[in-house]
Amino acid sequence: MEKNDFKVYRTLEGTIFEVVTALLVVASLLITVLFSHFGDTLLGGVLGTVLLSICALLFLFLAYHPASDLINIPVKRKNPAQLEITVRMMRVVAVEIGALSLLMSLLMGDIINRDIVADGLPPFVIMTVLFVTISYYCWKIKRAQNV
């Protein structure tokens, strides 16, 4: 199958993933701008939130190009079933990265009290969920190899 043979159509599910990701990204950027303007935040926190937001939007873009070489997973995608699973994986990962961006902006602005939550625990939990998600979808893509 050629790289450009697979077409991703707009669906209600895809639109929901895109709207949720967009809301998470806009909320995180808004919180980051507000706290960087009115508070004393570090440039690294602002830069991290902005880069994570860009990554979330990049994953949504890659969902429309599932056969792209930019999606570097250890499973070769050869048939349409595998490409459909790749589309779903990209959208789920985009939402998770958007949530990580929002969490970073909340931690940066001290909306989440750092005394209650140990430093580094919420991002660690989200990164673990992200790792499990990618591993699960890679397993599903591998299983769909013979379909």
Side-chain angles (χ1 to χ4, degrees), residues 1 3-33 35 41-147:
M1 176 171 19
K3 282 188 178 184
N4 297 327
D5 285 349
F6 189 77
K7 177 118 172 94
V8 178
Y9 294 100
R10 302 242 352 132
T11 60
L12 179 62
E13 174 191 352
T15 303
I16 290 170
F17 275 115
E18 290 167 5
V19 167
V20 168
T21 303
L23 289 175
L24 289 170
V25 165
V26 167
S28 69
L29 291 176
L30 183 66
I31 290 170
T32 300
V33 166
F35 281 109
T41 58
L42 299 173
L43 180 62
V46 173
L47 189 60
T49 303
V50 170
L51 288 177
L52 280 174
S53 299
I54 290 171
C55 285
L57 298 176
L58 178 66
F59 274 103
L60 285 180
F61 173 76
L62 287 175
Y64 286 98
H65 306 284
S68 172
D69 291 335
L70 293 174
I71 302 172
N72 188 13
I73 57 176
V75 181
K76 298 290 182 192
R77 300 166 312 274
K78 298 177 182 172
N79 60 28
Q82 289 177 314
L83 294 176
E84 288 175 11
I85 296 170
T86 304
V87 169
R88 167 84 50 91
M89 179 181 73
M90 290 292 110
R91 289 175 174 163
V92 170
V93 169
V95 170
E96 290 178 357
I97 290 181
L100 180 62
S101 174
L102 181 62
L103 182 63
M104 266 190 73
S105 64
L106 292 174
L107 286 173
M108 181 181 67
D110 282 336
I111 292 178
I112 297 176
N113 191 352
R114 287 183 185 244
D115 295 336
I116 296 171
V117 179
D119 282 345
L121 183 62
F124 174 75
V125 169
I126 290 185
M127 294 303 290
T128 303
V129 169
L130 189 63
F131 176 74
V132 169
T133 301
I134 292 172
S135 299
Y136 170 72
Y137 277 105
C138 285
W139 174 74
K140 279 185 76 169
I141 293 169
K142 180 75 171 167
R143 274 191 42 203
Q145 191 170 17
N146 298 325
V147 174

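All figures in this text were calculated on a predicted structure; none of them were measured in a lab.
Summarising the geometry, atom CD belonging to E18 is positioned 5.5 Å from atom CZ belonging to R91; distances are rounded to the nearest 0.5 Å. Atoms CD1 and OG1, from I54 and T49 in turn, are 11.0 Å apart once rounded to the nearest 0.5 Å. From F61, atom CZ reaches atom CG of L58 across 7.5 Å, with rounding to the nearest 0.5 Å. Separation of atoms CG (L30) and CG (L23) is listed at 12.0 Å; rounding is to 0.5 Å. Note that NZ of K142 is 11.0 Å distant from NZ of K76, once rounded to the nearest 0.5 Å. The CD1 atom of I71 sits 8.5 Å away from atom CG of L83, with the distance rounded to the nearest 0.5 Å.
Looking only at side-chain heavy atoms (C-beta outward), M90 and H65 stay at 4.5 Å or farther from each other. The closest side-chain heavy-atom distance from S28 to I31 is not below 4.5 Å. In this structure, L100 and E96 have side chains that are not in contact, with every pair of non-hydrogen atoms separated by 4.5 Å or more. Contact of the I85 side chain with the R143 side chain is not registered, since no non-hydrogen atoms from C-beta on lie closer than 4.5 Å.
Cation-pi geometry between K140 and Y136 is not satisfied (NZ or CZ under 6.0 Å from the ring centre, within 45° of the ring normal).
Pairing each heavy atom of V25 with each of A56, the nearest pair is CG2-CB, 4.0 Å. Residues L102 and S105 come closest through the heavy atom pair O-OG, 2.8 Å. A pairwise comparison of heavy atoms in V8 and P66 identifies CG2-CD, 3.8 Å as the closest pair. The nearest pair of heavy atoms linking I97 to C55 is CG2-CB, 4.3 Å. Annotation for A144 and A81: closest pair CB-CB, 4.3 Å, computed over non-hydrogen atoms.
Remark: the backbone N or O of N79 is paired with a side-chain donor or acceptor of Q82 at under 3.5 angstrom. Without hydrogens or angle criteria, R77 side chain to T86 main chain gives no donor-acceptor distance under 3.5 Å.
Under the rule for a ring-ring contact (aromatic ring centres under 6.0 Å, His included), Y64 has no partner lying at least two apart in sequence or in another chain. For the side chain to side chain contact (heavy atoms under 4.5 Å, CB included) test, residues two or more places apart in sequence or in another chain that qualify with L70 are L62, S68.
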Show, in sequence, the C-alpha distance, side-chain angles and deciding distance for S53 and S101, and conclude whether the side-chain hydrogen bond (donor to acceptor under 3.5 Å, both in side chains) test is met.
CA-CA 6 Å; S53 299; S101 174; 3.0 Å; yes
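The side chain to side chain contact (heavy atoms under 4.5 Å, CB included) test with E13 singles out one residue from T11, I16, T15, and that residue is T11.
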